[in-house]
Amino acid sequence: MDLMPSADQRDLRAGLRAWLADAWDAERLRAAAAVPAPPFDRKAWKALADLGVLGLTLSEEDGGMGLGLADAVLVFEELGRALVPGPLVGTFLAAGLVPGAAEGDAVVAVVDTGEAVAVVEHPEAATDVLVLDDSGVYLLAPGDVAGPPAAHPLDPLTPVAPAASIRLDGARRVGDAADAARLRRFGRILTAALQVGVAQGALDLAVRYAGERVQFDRVIGSFQSVKHLLAEALVRVDLARPAVLVAALTVDDPGSGDPGEAAATAKLLADAAASGNGRTGVQVHGGMGFTWEVLAHLYVKRAWVQETAFGTAAALAEELAAGIG
């Protein structure tokens with residue numbers, strides 16, 4: 001299994017990173033995280049879709065790019081690194097099932113009935129809710145699923161509402177139980193890719209600050225304690241990134257391993273990297289790390305929100321332990 005990205009994949013990642021650096025710079029992220037929250041930026045969502053991001057794995061006949069999940073995780077890592085807001089995973093999973101999802105005309109949240117705590121992301125902006133249930137895949141209107149939006153969401157870039165009532169009677173069924181299992185696995189891997197991006201973004205921010213902040217006539221990045229924090233953060237990223245890529249490649253080539261085990265492992269490592277590096281980012285920034293103006297808090301908050309999607313650490317550990325026997 002070759003984990004080195006191809007030249008085309010490197011170009012894809014570099015091009016998207018450059019675009020995101022302009023589209024979602026620090027000033028725009030701060031504006032999007034304002035309280036009260038501004039309306040969902042549908043123009044930005046449409047611009048992202050126009051790049052082909054939301055329909056990446058659809059066939060060219062269906063208006064996609066015909067790429068594999070391994071390409072998608074590289075893209076989602078960049079989206080996580082840039083803290084792009086919006087129900088990215090839900091809309092990606094809905095491409096081909098919900099008209100307009102791949103084109104950015106639809107904004108699709110995803111709810112897994114198997115989760116202990118199910119929430120609807122961006123409930124006021126969502127046009128559809130994709131429900132993954134053991135019996136199949138269903139489409140519901142947001143008003144039929146979401147309760148009152150949280151007044152103060154943990155991540156200000158991710159408004160949420162509890163999935164208060166999910167009634168599948170009369171819902172439009174768009175997939176069977178096997179489809180639900182497949183989409184759950186895809187969702188787990190894509191969320192893990194977002195978490196790797198969050199971990200890398202938090203590390204990048206901390207490294208930049210450590211190279212600029214001066215104390216006792218020295219940049220703090222020269223202090224051994226800070227070096228250790230940043231080195232540990234790098235190790236977390238370097239463990240999680242290949243695990244996510246292996247999971248995606250296992251889905252693209254099922255004969256190469258157990259995709260379920262690989263997906264659970266990837267999500268577990270990526271969650272640990274994102275939350276760990278988010279905390280490190282705040283710590284390296286010191287007192288500034290607790291201020292609203294510095295982006296460090298947005299990374300750790302995004303990590304905490306995504307930890308709850310497609311399997312918590314405890315649930316993933318139990319799943320992997322059960323497979324050992």
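Note that these values count all heavy atoms, side chains included, but never hydrogens, waters or copies made by symmetry. Predicted model only: the values in this text are computed from it and were never measured.
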Subject >> Distance, nearest 0.5 Å, that separates CZ of Arg81 from CZ of Arg17 >> reply: 4.0 Å
Original post:
Donor-acceptor pair, Ser256 side chain versus Asp253 backbone, under 3.5 Å?
Top reply: yes
Subject >> Side-chain (Asp252) to main-chain (Ala70) donor-acceptor, under 3.5 angstrom >> reply: yes
Original post:
Heavy-atom count around Glu212 CD within 6.0 Å, excluding the residue itself: above 12?
Top reply: yes
Subject >> Backbone of Leu268 reached by a side-chain donor or acceptor of Asp271 within 3.5 Å >> reply: no
Original post:
Just how far is it from atom NE2 of His297 to atom OG1 of Thr291, taken to the nearest 0.5 Å?
Top reply: 7.0 Å
**OP:** State, yes or no, whether a side-chain contact exists between Leu298 and Pro156 at a heavy-atom distance under 4.5 Å.
**Re:** yes
Original post:
Side chains of Ser135 and Asp133: donor-acceptor distance under 3.5 Å anywhere?
Top reply: yes
Original post:
Donor-acceptor pair, Glu115 side chain versus Gly311 backbone, under 3.5 Å?
Top reply: yes
Subject >> Greater than 12 external heavy atoms within 6.0 Å of Glu261's CD >> reply: no
**OP:** Taking Ser275 for its side chain and Trp304 for its backbone only, find out whether a donor-acceptor pair lies under 3.5 Å.
**Re:** no
Subject >> Spatial distance of atom CZ (Arg172) from atom CG (Leu140) [nearest 0.5 Å] >> reply: 11.0 Å
Original post:
Does the pair Phe92 and Leu56 meet the rule for a side chain to side chain contact (heavy atoms under 4.5 Å, CB included), with working shown?
Top reply: CA-CA 8 Å; Phe92 188 95; Leu56 201 69; 3.9 Å; yes
Original post:
Quick one: CG on Leu203 to CG on Asp238, what's the gap to the nearest 0.5 Å?
Top reply: 9.0 Å
**OP:** State whether the side chain of Arg188 and the backbone N or O of Gly260 hold a donor-acceptor pair below 3.5 Å, judged by distance alone.
**Re:** no
Subject >> With Glu121 via salt bridge (charged side-chain N to carboxylate O under 4.0 Å, His left out) - residues at least two apart >> reply: none
Original post:
Hey, is the main chain of Gly64 close enough, under 3.5 Å, to the side chain of Asp62 for a donor-acceptor pair?
Top reply: no
Subject >> Side chains of Pro87 and Trp45 in contact at under 4.5 Å (non-hydrogen atoms) >> reply: yes
Original post:
Do Leu12 and Leu74 pass the side chain to side chain contact (heavy atoms under 4.5 Å, CB included) test, and can you show the C-alpha distance, the side-chain angles, and the key distance before you say yes or no?
Top reply: CA-CA 8 Å; Leu12 174 66; Leu74 297 177; 5.6 Å; no
Original post:
Val198, Leu295: one ILVMFWY side-chain cluster at the under-4.5 Å cut-off?
Top reply: yes
**OP:** Answer yes or no: is there a donor N or O on one side and an acceptor on the other, between the side chain of Arg302 and the main chain of Asp155, under 3.5 Å?
**Re:** no
Subject >> Validation row: Arg185, Pro259 side chains within 4.5 angstrom (heavy atoms) >> reply: yes
Original post:
Should Leu157 and Leu154 be counted in the same cluster of Ile, Leu, Val, Met, Phe, Trp and Tyr side chains packed under 4.5 Å apart?
Top reply: no
Original post:
Would you say Thr91's side chain and Val108's backbone share a donor-acceptor pair under 3.5 angstrom?
Top reply: yes
Subject >> Of Val160, Val145, Val111, the residue whose pairing with Val119 passes side-chain contact (heavy atoms from CB on, under 4.5 Å) >> reply: Val160
Subject >> Separation of Lys267 NZ from Glu307 CD (nearest 0.5 Å) >> reply: 7.0 Å
Original post:
Around Phe290, counting heavy atoms of other residues, nucleotides and ligands shown, do more than 12 lie under 6.0 Å from its CZ?
Top reply: no
Original post:
Under 3.5 Å, is there a donor-acceptor pair between the Glu232 and Thr280 side chains?
Top reply: no
Original post:
Mind checking whether Val214 and Ile220 have side chains closer than 4.5 Å, heavy atoms only?
Top reply: no
Subject >> Sub-4.5 Å side-chain heavy-atom contact between Leu93 and Arg184 >> reply: no
Original post:
Are Leu48 and Leu88 close enough, and set up right, to give a side chain to side chain contact (heavy atoms under 4.5 Å, CB included), and what steps lead you there?
Top reply: CA-CA 10 Å; Leu48 186 67; Leu88 295 162; 3.7 Å; yes
**OP:** Could you note down all residue pairs passing ring pair (Phe, Tyr, Trp, His ring centres under 6.0 Å) where residues 120-153 supplies at least one of them, sequence neighbours left out?
**Re:** Phe40-His122
**OP:** Return yes if some donor-acceptor pair links the side-chain N/O of Thr113 with the main-chain N/O of Leu132 below 3.5 Å, else return no.
**Re:** yes
Original post:
How long is the gap from CD on Gln200 to OH on Tyr299, to the nearest 0.5 Å?
Top reply: 9.5 Å
Original post:
Quick one: does Leu69's side chain get under 4.5 Å of Leu190's, heavy atoms only?
Top reply: yes
Original post:
Under a single-linkage definition using a 4.5 Å side-chain heavy-atom cutoff for Ile, Leu, Val, Met, Phe, Trp and Tyr, are Val137 and Leu54 assigned to the same hydrophobic cluster?
Top reply: yes
Original post:
Quick one: does Trp292's side chain get under 4.5 Å of Val35's, heavy atoms only?
Top reply: yes
**OP:** For the pair His285 and Tyr209, name the ring-plane relationship: parallel under 30°, tilted 30 to 60°, perpendicular over 60°.
**Re:** parallel
Subject >> side chain to side chain contact (heavy atoms under 4.5 Å, CB included) between Lys46 and Asp105, intermediate numbers included >> reply: CA-CA 7 Å; Lys46 178 67 174 175; Asp105 299 320; 3.4 Å; yes
Original post:
Tell me, which pairs form a side-chain hydrogen bond (donor to acceptor under 3.5 Å, both in side chains) where one or both residues lie in residues 24-40, sequence neighbours left out?
Top reply: Arg28-Asp41
